[in-house]
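When reading the values below, keep in mind they use all heavy atoms of this one structure, side chains included, and skip hydrogens, waters and symmetry mates. Please read these numbers as outputs of a predicted model, since none were measured by experiment.
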Amino acid sequence: MDLFDYMRSATQEKESPLASRMRPRTLDEVVGQRHIIGKDKLLYRAIQADQLGSLVFYGPPGTGKTTLAKVIANTTRADFRQLNATVAGKKDMEEVVKAAKDSLGMYGKKTILFVDEIHRFNKGQQDYLLPYVEDGTLILIGATTENPYFEVNGALLSRSRIFELKSLEKDDVKELIYRAVSDQERGMGSYGAVIDEDAGDFLADVSGGDARAALNAVELGVLTTDRSGADGKIHITLEVAQECIQKRAICYDKDGDNHYDTISAFIKSMRGSDPDAAVYYLARMLYAGEDIKFIARRIMICASEDVGNADPQALSVAVSAAQAVERVGMPEAQIILSQAATYVATAPKSNAAVCAISEAMEAVKNQRALPVPAHLRDSHYRGSEKLGRGIGYRYAHDYPNHYVKQQYLPDGMEGQTFYHPSLMGYEKIISQHMHFLKENGG
């Protein structure tokens, strides 16, 4: 490193955002994630012993993936290299591999390569790293906000341990906030700032477990607030905190896990007849900018899959809502979606239609295609009678109750049932009606 590189590094460290300056340097400074870096956990012991294999850190933004990589960099005796997959190309990887080979060959020193946003590497880029991970030239540490089982090369995953980082607890974020405000060396302590307890509680809560969001708000508050009061300090009040983080930091990626987790919770809440939970998850999706047509489609599916004939009107409501939101758009569409979601959530439930088609599909799949009974076959074309088609068919409307007993299933399947109406809602009436017909039909 020459003088200019040193000065650039020193300036960058001093001028970098608070969240970056406050990154823990040792394992003991790390807050949260005790499920993977508690003192009795494998990862803690491996870092302390400098005996790491390839790793993938997976979790939401602001949970400490890069932080753990930096801690490893400060702890390991191996060479530590870092790439960001959003900007790195093959040339960058080739340079890292060449340096790693030289270091291993000349000094017997391992190289740890940390790849941030590893899911941004395409398949070819990930494949390029594979042989060097396999032969030990590189120890790979990947960080991703996406599910690695979907986004990372399976061969790389098979050679790596996956550690899932979770959103920080409120108390963890609060500890980081107070540490950042008081730290004289890397934090905002030199500004003479204090943060009110209710402001700290608010920021820790609305950050949604994202430490970076909370620290960014703290930094903005300190830098933009005048000194006030007899003590001459900068006071971060609740009002200041609300101004600095104007929107609740909802963790929601329309292409990632949170998208699928939230829509899953939304559907399960409607299925479970909890309208409050359903409308809450609906609000989360709408607040995060989810496609209203996508939400409407999920409500239509739930109306048929989980309500069915227990309330046939549910599907009509869902379909009407889907058409309405396309014509109306936001913000009024949220009212329409709320109406449809709460209707489906409070409707009586039955999955008898799902079971019926599932059982029928299994029968079709596992049994040979039996011929349609002759009396049910089409008899409208010329010569059909000579072939015996339609002969003996009994027209239901010619009989009492518009019902007559006759065979509809193919020969060999007589008496087999697929649809079993529940005793919920309108389906109870269906069940009673079918029983009546069978008992009284001609």
Side-chain angles (χ1 to χ4, degrees), residues 12 17 19-20 23 33 36 43 52-73 76 78-104 110-167 210 212-213 250-264 285 288-291 294:
Q12 188 175 18
S20 178
R23 288 193 195 279
Q33 310 304 341
I36 60 172
L43 184 57
L52 284 173
S54 291
L55 310 171
V56 174
F57 293 139
Y58 155 54
T63 52
K65 299 182 294 296
T66 304
T67 291
L68 278 179
K70 296 289 188 183
V71 167
I72 292 169
T76 184
D79 285 339
F80 187 89
R81 299 298 186 97
Q82 179 174 348
L83 295 176
N84 190 305
T86 59
V87 295
K90 188 174 180 181
K91 182 180 178 182
D92 300 298
M93 291 190 286
E94 288 173 345
E95 290 176 356
V96 169
V97 169
K98 182 180 183 304
K101 287 180 177 179
D102 292 343
S103 181
L104 188 63
K110 297 178 180 178
T111 297
I112 294 175
L113 171 61
F114 172 57
V115 180
D116 202 4
E117 306 283 348
I118 192 171
H119 60 276
R120 301 282 188 181
F121 271 164
N122 60 37
K123 185 178 183 300
Q125 290 171 306
Q126 293 185 33
D127 285 343
Y128 176 79
L129 294 175
L130 181 59
Y132 306 111
V133 172
E134 192 165 18
D135 67 13
T137 302
L138 294 174
I139 296 171
L140 177 67
I141 300 177
T144 176
T145 56
E146 304 296 328
N147 189 325
Y149 292 103
F150 296 153
E151 303 293 341
V152 179
N153 186 316
L156 282 179
L157 288 183
S158 69
R159 291 158 177 81
S160 308
R161 282 188 175 273
I162 299 173
F163 291 95
E164 182 178 3
L165 281 71
K166 300 178 180 178
S167 296
D210 185 339
R212 188 184 296 110
I250 290 181
C251 182
Y252 189 92
D253 181 346
K254 285 190 278 186
D255 295 318
D257 285 352
N258 285 284
H259 161 82
Y260 295 106
D261 289 345
T262 306
I263 194 66
S264 175
M285 290 187 289
E290 181 59 85
D291 182 359
F294 170 78

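- Not a single donor-acceptor pair under 3.5 Å links the side chain of Ser103 to the backbone N or O of Ala99.
- Panel note: side chain Gln33, backbone Thr63; a donor-acceptor pair is recorded below 3.5 Å.
- Here the straight-line distance linking atom CE of Met93 with atom NZ of Lys90 works out to 7.5 Å at 0.5 Å rounding.
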Practice task
Let me see the working for Phe121 and Leu129 under side-chain contact (heavy atoms from CB on, under 4.5 Å), right down to the final yes or no.
Solution key: CA-CA 11 Å; Phe121 271 164; Leu129 294 175; 4.2 Å; yes
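- From Lys65, atom NZ reaches atom CG of Leu165 across 7.0 Å, with rounding to the nearest 0.5 Å.
- In this structure, the side chain of Ser20 does not engage the main chain of Pro17 through any donor-acceptor pair within 3.5 Å.
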Exercise for the section: Before giving the answer on side-chain contact (heavy atoms from CB on, under 4.5 Å), spell out for Val56 and Leu156 the whole-Å C-alpha distance, their side-chain angles and the decisive distance to 0.1 Å. Expected result: CA-CA 9 Å; Val56 174; Leu156 282 179; over 6 Å; no
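- Atoms NZ and OG1, on Lys98 and Thr137 in that order, are 13.5 Å from each other to the nearest 0.5 Å.
- Counting all heavy atoms, side chain and backbone alike, Asn153 lies closest to Gln126 at N-OE1, 2.5 Å.
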Practice task
Show your reasoning for whether side-chain contact (heavy atoms from CB on, under 4.5 Å) applies to Phe57 and Thr144.
Solution key: CA-CA 6 Å; Phe57 293 139; Thr144 176; over 6 Å; no
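- With contacts defined as side-chain heavy-atom distances shorter than 4.5 Å, the pair Thr111/Val97 does not qualify.
- In this structure, Leu113 and Ile141 have side chains that are not in contact, with every pair of non-hydrogen atoms separated by 4.5 Å or more.
- Taking 4.5 Å as the limit, some side-chain heavy atom of Leu140 sits within range of a side-chain heavy atom of Ile118.
- Rounded to the nearest 0.5 Å, atoms CZ (Phe114) and CZ (Arg81) are 15.5 Å apart.
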Exercise for the section: Step by step, work out the side-chain contact (heavy atoms from CB on, under 4.5 Å) result for Phe150 and His119. Expected result: CA-CA 9 Å; Phe150 296 153; His119 60 276; over 6 Å; no
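- In this structure, the separation between NZ on Lys110 and CD1 on Ile112 is 8.5 Å, given to the nearest 0.5 Å.
- Put simply, the side chain of Leu83 reaches to within 4.5 Å of the side chain of Val96, judged on heavy atoms.
- No donor-acceptor distance shorter than 3.5 angstrom exists from the side chain of Glu146 to the backbone of Glu151, with no hydrogens or angles considered.
- Using a 4.5 Å heavy-atom cutoff, the side chains of Ile139 and Leu55 are not in contact.
- Contact check for Leu130 versus Tyr132: no side-chain heavy atoms found under the 4.5 Å cut-off.
- A donor-acceptor pair is defined here as one N or O able to donate and one able to accept, closer than 3.5 Å; such a pair exists between the side chain of Gln125 and the backbone of Asn122.
- Counting heavy atoms from C-beta outward, Pro60 and Asp210 have side chains that stay 4.5 Å or more apart.
- With 3.5 Å as the limit, one finds no donor-acceptor pair spanning the side chains of Arg159 and Ser54.
- Panel note: side chain Thr76, backbone Ala73; no donor-acceptor pair is recorded below 3.5 Å.
- Side-chain contact check for Leu43 versus Leu52: some heavy-atom pair is nearer than 4.5 Å.
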